[in-house]
Amino acid sequence: MSTPEHHISGNFIHDIIDKDNASGKYGQRVHTRFPPEPNGYLHIGHAKSICLNFGTALKYGGKCNLRFDDTNPSKEETEYVESIMEDVRWLGFDWDDRLFYASDYFDKLYDYACDLILAGKAYVCDLSAEQIRQYRGTLTEPGKESPYRNRPVAENLDLFERMKNGEFPDGARVLRAKIDMASPNLNMRDPVLYRIMRAHHHRTGDAWCIYPMYDYAHPLSDAYEGITHSICTLEFEAHRPLYDWCVDILGEFKPRPVQIEFARLNLTYTVMSKRKLRALVENGRVAGWDDPRMPTISGLRRRGYTPEAIRDFCGRIGVAKADSVVDYALLEHCVREDLGPKAPRLMAVLRPLKVVLTNYPEDKIEALTIENNPEDETLGTRSVPFGRVLHIEQEDFMENPPPKYFRLTPGGEVRLKGAYIIKCEEVVKDADGNVVELRCTYDPETKSGSGSTRKVKGTVHWVADAYALPCEVRLYDHLFPTEDPEAGDEDFLSRVNPDSLVALAALIEPFAVNAKSGDRFQFIRHGYFSADPDSTFEKPVFNRIVGLKDSWAKIQK
RNA sequence: AGGGGCGUAGCCAAGUCGGUAAGGCAACGGACUUUGACUCCGUCAUGCGUUGGUUCGAGUCCAGCCGCCCCUGCCA
């Protein structure tokens with residue numbers, strides 16, 4: 001695999017591994033796994049987990065498995081397993097031949113359950129779901145033991161087999177662990193291990209009508225695969241005693257893999273739970289899981305984010321146990337930093353204002369040479385046509401400019417990037433008083449690269465009218481207008497930022513015809529953009545990945 | 001309330017034997033600039049939830065208090 005350059009510095013999980021390696025607990029072996037449930041698309045929070053698990057294996061010369069936690073066929077689909085594999089690969093990680101499914105272990109898990117019954121550690125319970133809930137007790141009161149708790153082993157074995165054989169309707173009985181109904185940890189009050197559920201499984205089809213629960217299948221899957229460090233998120237902390245129970249109870253797996261919990265990623269201006277992301281998709285608030293505004297891996301990819309930037313981000317946010325919300329600006333910083341030296345520059349005018357150079361010959365066209373990236377001259381130069389009629393950005397001209405405005409003003413001068421210094425001689429307006437055209441003169445002595453020493457304060461980008469390529473530019477902004485979209489009681493769906501997508505008919509320099517879907521550029525003075533798959537030869541479409549930092553916008557406030 | 005966790009700057013986060021608070025993002029000054037970008041320089045915790053205690057010395061040890069998160073799915 002390509003070895004991602006990781007910024008994972010030390011964290012408490014690596015400290016634990018260092019100690020285990022020092023004591024020889026796992027014989028210097030480090031084996032992690034990334035265990036998604038294939039019931040939705042991966043998001044940037046999963047990227048944190050992927051980078052942690054695969055990155056940790058890389059750091060210690062160990063291995064990381066990809067394992068689908070597919071124990072609930074009513075929610076899982078192959079569409080999701082495919083997208084998950086694509087996303088993990090795109091992020092730059094490789095599971096080699098270690099692609100597993102919890103469903104690979106259905107037979108072993110069933111046998112293990114029978115052993116549990118034989119050992120008197122599990123029983124078939126006929127209580128209804130509602131009754132089980134009542135028997136469970138509350139946070140402060142102990143639960144009551146099920147009347148089926150002391151069923152004879154032989155009867156349990158028989159009933160469990162008949163559950164498997166489909167002799168009972170869905171929900172009629174469950175297999176439960178026999179632990180402690182008085183435990184202060186509710187997860188230990190005889191948790192359900194198997195339920196009857198007639199659902200078509202994406203891999204095992206209709207072979208089974210009983211399916212294991214996560215709390216049972218997960219620790220054993222880890223044990224079967226020889227996982228040493230089983231990393232998961234904080235909400236599973238209270239499940240750890242059950243994890244340990246499942247692995248230890250029959251004494252088969254030593255040393256036991258250790259479950260370690262860390263805080264999941266939260267980001268400002270967006271939501272992260274699969275449930276909420278799904279709601280956005282299903283309610284049509286976004287165009288799909290890969291809508292460029294979504295914090296999904298597929299959304300970020302379509303937006304134009306690079307795997308390098310996402311990995312860098314995951315390395316910078318750290319790994320700890322405190323609940324936290326990371327500033328979205330850090331993610332944006334990471335793409336800018338990645339793309340700055342890599343992305344070729346292009347000039348695009350998003351809101352065109354016509355400029356006519358009155359002293360420039362009518363039919364003359366010059367081919368100007370402009371560097372592709374001032375941060376890296378090895379990226380070379382390109383030829384950009386220049387002529388008498390041009391377009392500049394509307395916001396680069398002001399009739400009554402505020403102080404410190406460095407752009408074009410009546411009678412003022414500005415440099416056209418890579419071309420000449422021009423002076424605004426006349427402002428043409430329409431009947432409503434809108435500025436529709438600027439009549440300017442250019443100074444032939446100031447051609448870029450000619451050695452001219454004349455300086456002006458402002459430089460502005462432009463496109464030549466005769467060669468301008470019409471394109472669509474999609475300007476994306478935060479999915480939600482506030483840092484914490486979940487705050488308050490108003491439904492978060494109704495809070496989607498109405499300006500999160502603004503599509504503009506723009507003009508771009510002709511070099512852009514070469515852009516292929518996924519190509520990334522910096523549109524000078526605007527930001528980083530990538531060609532969207534919607535692009536056609538007739539009309540390229542560009543997504544704004546992120547804007548450039550804009551200190552002028554701050555001054556204006 | 002029972003159990004399990006967590007509290008270091010606006011945000012994230014180092015801080016391993018107690019020895020006098022890393023780094024990044026953001027922000028704010030300034031230099032440079034044919035991208036108001038990039039880059040560079042500088043500023044940004046006498047303070048580590050809080051109150052006491054131990055100690056020559058406490059973010060680190062002890063006790064109490066406060067706040068926040070998770071757990072009562074036949075979800076993961």
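All values below were derived from every heavy atom in this structure, side-chain atoms included, with hydrogens, water molecules and symmetry-related copies excluded.
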Once you apply a heavy-atom cut-off of 4.0 Å, does [X] come out as touching a base, just sugar-phosphate, or nothing?
X        : answer
A:Arg345 : base
A:Val460 : nothing
A:Leu234 : nothing
A:Gln522 : base
A:Arg189 : nothing
A:Pro341 : nothing
A:Tyr216 : nothing
A:Gly449 : base

May I have the distance from [X] (atom [atom1]) to [N] (atom [atom2]), rounded to whole angstrom?
X        : N     : atom1 : atom2 : value
A:Asp550 : B:G36 : CG    : P     : 9 Å
A:Asp338 : B:C38 : CG    : P     : 15 Å
A:Tyr328 : B:C25 : OH    : C1'   : 15 Å
A:Glu332 : B:C11 : CD    : C1'   : 14 Å
A:Phe386 : B:U34 : CZ    : C1'   : 13 Å
A:Glu375 : B:U33 : CD    : P     : 17 Å
A:Asp323 : B:C12 : CG    : C1'   : 13 Å
A:Ile555 : B:A27 : CD1   : P     : 13 Å

Donor-acceptor pair present, A:Arg316 side chain and B:G23 base, under 3.5 Å: no

For residues [X] and [Y], establish whether the separation of their ring centroids is below 6.0 Å.
X        : Y        : answer
A:His46  : A:Tyr41  : no
A:Phe386 : A:Tyr420 : yes
A:Phe523 : A:Phe529 : yes

Quick one: is [X] getting a side-chain N or O under 4.0 Å of the [N] phosphate, OP1 or OP2?
X        : N     : value
A:Arg525 : B:G36 : yes
A:Lys457 : B:U34 : no
A:His333 : B:C25 : yes
A:Lys447 : B:U34 : no
A:Lys404 : B:G36 : no
A:Ser324 : B:C11 : no

Fit a plane to each ring of [X] and [Y], take the angle between them on a 0 to 90° scale, and name the class: parallel (under 30°), tilted (30 to 60°) or perpendicular (over 60°).
X        : Y        : answer
A:Phe236 : A:His239 : perpendicular
A:Trp208 : A:Phe106 : perpendicular
A:Phe542 : A:Phe521 : perpendicular
A:His201 : A:Tyr211 : parallel

Is the shortest side-chain N to carboxylate O distance from [X] to [Y] below 4.0 Å?
X        : Y        : result
A:Arg67  : A:Glu225 : yes
A:Glu375 : A:Arg345 : yes
A:Glu393 : A:Arg407 : no
A:Asp126 : A:Arg151 : yes
A:Glu161 : A:Lys164 : no

I want to verify a distance call: between [options], whose nearest atom is closest to the [X] side chain?
X        : options             : value
A:Lys455 : B:U34, B:G7, B:U35  : B:U34
A:Lys549 : B:A27, B:G36, B:U35 : B:A27
A:Ala329 : B:C25, B:U34, B:A37 : B:C25

Heavy-atom count check: over 12 atoms from other residues, nucleotides or ligands less than 6.0 Å from [X] [atom1]?
X        : atom1 : result
A:Arg203 : CZ    : yes
A:Lys25  : NZ    : yes
A:Gln556 : CD    : yes

Residues of residues 266-279 of chain A with a heavy atom under 4.0 Å from any atom of RNA chain B, listed by number, are none

Read 5' to 3' with Watson-Crick or G-U pairs under 3.5 Å, [ ] for crossing pairs and | for partners on another strand, RNA chain B gives .(((((((.[[[..)...(...]]].(((((.......))))).....[[[[[..)....]]]]])))))).....

With [atom1] as the reference atom in both, quote the distance from [N] to [M] in angstrom, rounded to an integer.
N     : M     : atom1 : result
B:G47 : B:C41 : P     : 29 Å
B:C74 : B:A13 : P     : 33 Å
B:U46 : B:C62 : C1'   : 25 Å
B:G15 : B:G59 : C1'   : 8 Å

Please write out the pairs of protein N or O atoms and N or O atoms of nucleotides 41-43 of chain B separated by less than 3.5 Å, giving the distance to one decimal.
none

Under 3.5 Å: donor-acceptor pair, side chain of [X], backbone of [Y]:
X        : Y        : value
A:Tyr123 : A:Ser146 : no
A:Asp222 : A:Ile227 : no
A:Thr268 : A:Asp327 : no

Within the structure provided, determine whether A:His461 and A:Val349 are in side-chain contact (heavy-atom separation under 4.5 Å). yes

Where each residue is assigned the nucleotide of RNA chain B containing its nearest heavy atom, which of A:Ala263 and A:Ser450 is assigned the position nearer the 5′ end?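 Taking each residue's closest nucleotide, the earlier one in sequence belongs to A:Ala263.
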
On RNA chain B, more 5' by nearest nucleotide between A:Phe406 and A:Lys554 is A:Lys554

A:Tyr194 and ring pair (Phe, Tyr, Trp, His ring centres under 6.0 Å): which single residue from A:Tyr214, A:Tyr216, A:Tyr112 fits? A:Tyr216

Take nucleotides 71-76 of chain B nucleotide by nucleotide from the 5' end and write B, S or -, depending on whether a protein heavy atom sits under 4.0 Å from the base, only from the sugar-phosphate, or from neither. BBSBSB

Give the minimum heavy-atom separation between A:Arg264 and A:Glu235, together with the two atoms involved.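 Minimum heavy-atom contact is NH1-OE2, 2.9 Å.
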
Please list each protein N or O that sits under 3.5 Å from an N or O in nucleotides 47-50 of chain B, with the distance.
none

Take A:Tyr224 and A:Tyr105 through the test ring pair (Phe, Tyr, Trp, His ring centres under 6.0 Å) and record every step on the way to the result. CA-CA 9 Å; A:Tyr224 295 155; A:Tyr105 312 127; 5.4 Å; yes

Restricting both atoms to N or O, compile the protein contacts to nucleotides 14-16 of chain B shorter than 3.5 Å, with distance only.
unit_1, atom_1, unit_2, atom_2, d
B:A14, OP1, A:Val319, O, 3.4

